[in-house]
Amino acid sequence: MIKNFILSALLFTSTLSYGELFLEITKGSEDQFKVAMIPFEGNTRVSKQLNNIMRNDLIRTGEFSILDEELLLPVKIIDDELVYSDWKLLGMDYLVTGTIIKANNSLDINYEIFDVHKKRKVRSSKVFGIPNQIRQLAHYTSDGIYESITGIKGIAATRLLYVNEIKDLQLLSTYKLMLADSDGANEKTLLSSSEPIISPSWSPDGKRVAYVSFETGMAKVFIQEIASGRREAVLSKDTQISSPSWSPDGKYLSLTLYQDGNAEIYILRLRDRTLTRMTNQFAIDTESTWSPKGNKILFTSGRSGSPQIYELDLRKLNPKAKRVSFEGTYNAKASYLPNEEGIVFVHRTSDGLFHIALKYKRENFIRILTEAKMDESPSVAPNGNMVIYGIKEENQSMLAGFSLSGARFKLPASQGEVREPAWSDFLR
Amino acid sequence: MNQSINTLFALSLIIIISACSSVQITEEAVSDQSVAGVSITSKSTATQAVLANAVVYFDYDQSNLTAKSIQALKGVSDLMKRNQKITISIEGHADERGTREYNLALGQRRAESVASYLIANGVSRNRLITKSYGEERPLSLGSNDTAWSKNRRVEIK
């Protein structure tokens with residue numbers, strides 16, 4: 001996979017603008033599945049829209065090459081059997097067809113996937129919703145296609161959190177906690193404040209978010225329900241509280257508390273708000289994140305004299321922190337890959353640049369995955385195939401992403417600075 | 001490709017009608033996505049009279065005081081000894097390099113360095129509030145050494 005990543009050439013460039021973020025797909029990988037997507041039958045306007053969204057969903061994964069619409073052939077069916085030979089000649093691996101059934105109050109999509117090499121239908125699915133859910137219907141369909149072909153769960157129907165800072169003419173900032181679909185569309189404001197907001201984190205069920213707001217004059221962690229907007233401070237303590245991370249079972253938050261004047265990691269049981277202290281060290285301890293199984297946490301500590309990544313095994317009584325990063329003098333904000341095969345983190349190179357890096361457990365070296373100057377806040381997609389992170393280009397902060405198979409994309413904002421993306425878990 | 005995995009992800013689908021002759025057949029409804037936004041307009045409580053205003057600066061990645069900053073802090077501790085009623089807020093800041101949470105913690109260490117100096121010079125701990133804004137409130141907006149050196153600071157208010 002990584003070999004492809006390095007070798008990947010500029011295969012296509014396509015841009016599409018939706019809402020506030022601007023999706024720019026800049027690079028694909030080699031060894032892609034070649035797919036012909038026949039525009040779905042039915043309402044032409046809906047079909048066009050679906051086609052655009054789905055194409056981008058699949059191209060963004062880096063694993064698909066979608067046949068240009070002008071090159072499509074008519075689908076021939078003889079004796080109830082699809083004629084595969086035309087598609088084989090075009091070099092296609094799969095063919096996707098579908099129909100749209102639109103009524104006043106419903107919008108249903110039926111789609112079928114055909115394996116050109118094995119000459120048979122591999123999937124027949126129906127997704128149903130209402131007309132204003134067209135984007136979601138498209139993402140569900142993309143995920144169905146992705147899963148059917150790769151055998152891996154798709155992430156088109158997941159969502160992103162991020163922070164947007166907008167300065168007015170007097171340079172006064174408004175900070176917004178934003179929610180959007182995985183392609184940057186369908187953007188919604190969850191919180192708007194005149195004080196900084198940092199460190200957004202998803203609850204595993206995707207219904208609530210935790211974040212740090214400075215609205216009271218110091219850092220405090222809040223939990224907010226997305227649908228109702230209901231929010232509360234997680235602790236009433238008069239101390240700075242920061243860096244929330246939700247346990248995979250949704251029952252705990254790991255946090256950084258500053259009650260001794262120094263950053264230490266605690267685990268908060270949400271049911272009764274009991275706190276358990278996890279670190280006790282003169283140096284900084286912060287940026288805790290849970291392992292996918294919920295039995296370990298990673299965190300950043302300055303105990304060796306520079307920020308490095310450590311791991312705590314929560315199954316042990318009084319666990320000892322084990323250092324897991326060794327290369328360079330700055331490694332921070334780590335998170336696990338979903339299968340725990342490795343960790344993704346921020347690494348400072350010897351020339352002082354910050355990049356996103358990956359270290360596999362089985363390897364004794366790190367892989368630098370990005371190339372700007374100040375790359376930060378990596379967040380791994382729930383299927384482990386993509387990472388979204390923050391970059392700074394010409395003094396403008398925006399989001400960028402890459403797939404481990406080599407695709408790259410950018411999500412610049414039309415307004416202000418965008419940073420600190422957080423990828424949700426699977427939502428379907 | 002990957003027929004064997006079909007069964008694995010069929011579990012995640014909402015309704016599975018049938019799965020015969022390895023054609024995967026599924027039906028699912030998209031979920032509801034309502035969102036309610038919240039707006040906070042109230043500014044944080046303003047800090048009190050700026051009798052002890054001072055700014056001290058720090059080296060990259062460091063939280064220890066320099067000779068120059070100790071000079072500035074002497075004035076603050078003298079003032080606090082003369083006016084026993086003053087309490088001060090010590091706000092630590094970091095430049096934009098590095099992660100936000102680590103910078104928040106680094107800003108706090110800088111604030112604590114200043115507090116330790118004042119305590120060592122006879123100021124009572126309960127007259128000091130320390131806090132950090134990390135890299136969230138830069139004084140200077142550029143991405144260069146000059147801007148960064150202005151942003152690695154503690155503000156005393």
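Below, each value reflects all heavy atoms present in this structure, side chains not excepted, and no hydrogens, waters or symmetry copies. Owing to the predicted nature of the structure, the values given are computational and were not obtained by experimental measurement. Naming: A, B, ... by sequence-line order, numbering from 1 per chain.
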Atom group of A:E420 that falls short of 4.5 Å from chain B, counting heavy atoms: side chain
Under 4.5 Å from any heavy atom of chain B, what part of A:F282 do you find: side chain, backbone, both or neither? both
Rounded to the nearest 0.5 Å, how far does CD1 of A:I198 lie from CD of B:E101? 4.0 Å
Determine the option with the most heavy-atom pairs under 4.5 angstrom with chain B, choosing from A:P196, A:S242, A:G129. A:S242
List for me each residue that meets side chain to side chain contact (heavy atoms under 4.5 Å, CB included) alongside A:S124, sequence neighbours excluded, and say none if there are none. A:E112, A:K121, B:V23, B:I25
Of the backbone (N, CA, C, O) and the side chain (C-beta and beyond), which part of A:V346 lies under 4.5 Å from a heavy atom of chain B, both, or neither? side chain
Heavy-atom distances under 4.5 Å only: say whether A:R230 touches chain B with side chain, backbone, both or neither. neither
Whatever's closer than 4.5 Å to a heavy atom in chain B on A:L179 counts as side chain
Find the distance between CZ (B:R100) and OG1 (A:T286) and round it off to the nearest 0.5 Å. 14.0 Å
Please look at B:E112 and chain A and tell me whether the side chain, the backbone, both or neither of the residue comes under 4.5 angstrom of a heavy atom of that chain. side chain
For A:D260, is it the side chain, the backbone, both, or neither that has a heavy atom closer than 4.5 Å to a heavy atom of chain B? neither
If you count heavy-atom pairs under 4.5 Å with chain A, which of B:L104, B:D32, B:T130 comes out on top? B:L104
A:K373 portion near chain B, given a 4.5 angstrom heavy-atom threshold: neither
Side-chain contact test, heavy atoms from C-beta onward, threshold under 4.5 Å: evaluate it for A:P244 versus A:V212 and give yes or no. yes
Between A:K333 and A:E376, does any NZ, NE, NH1 or NH2 come within less than 4.0 Å of an OD or OE carboxylate oxygen? no
Establish, from distance only, whether the side-chain atoms of A:E287 and A:S243 form a donor-acceptor pair under 3.5 Å. no
Between A:A332, A:G261, A:A263, the one whose heavy-atom pairs under 4.5 Å with chain B are most numerous: A:G261
Charged tip of A:R419 within 45° of A:Y175 ring normal and under 6.0 Å: no
Are the side chain of A:Q240 and the backbone N or O of B:S132 linked by a donor-acceptor pair below 3.5 Å? yes
For A:Q136, is it the side chain, the backbone, both or neither that has a heavy atom under 4.5 Å from a heavy atom of chain B? both
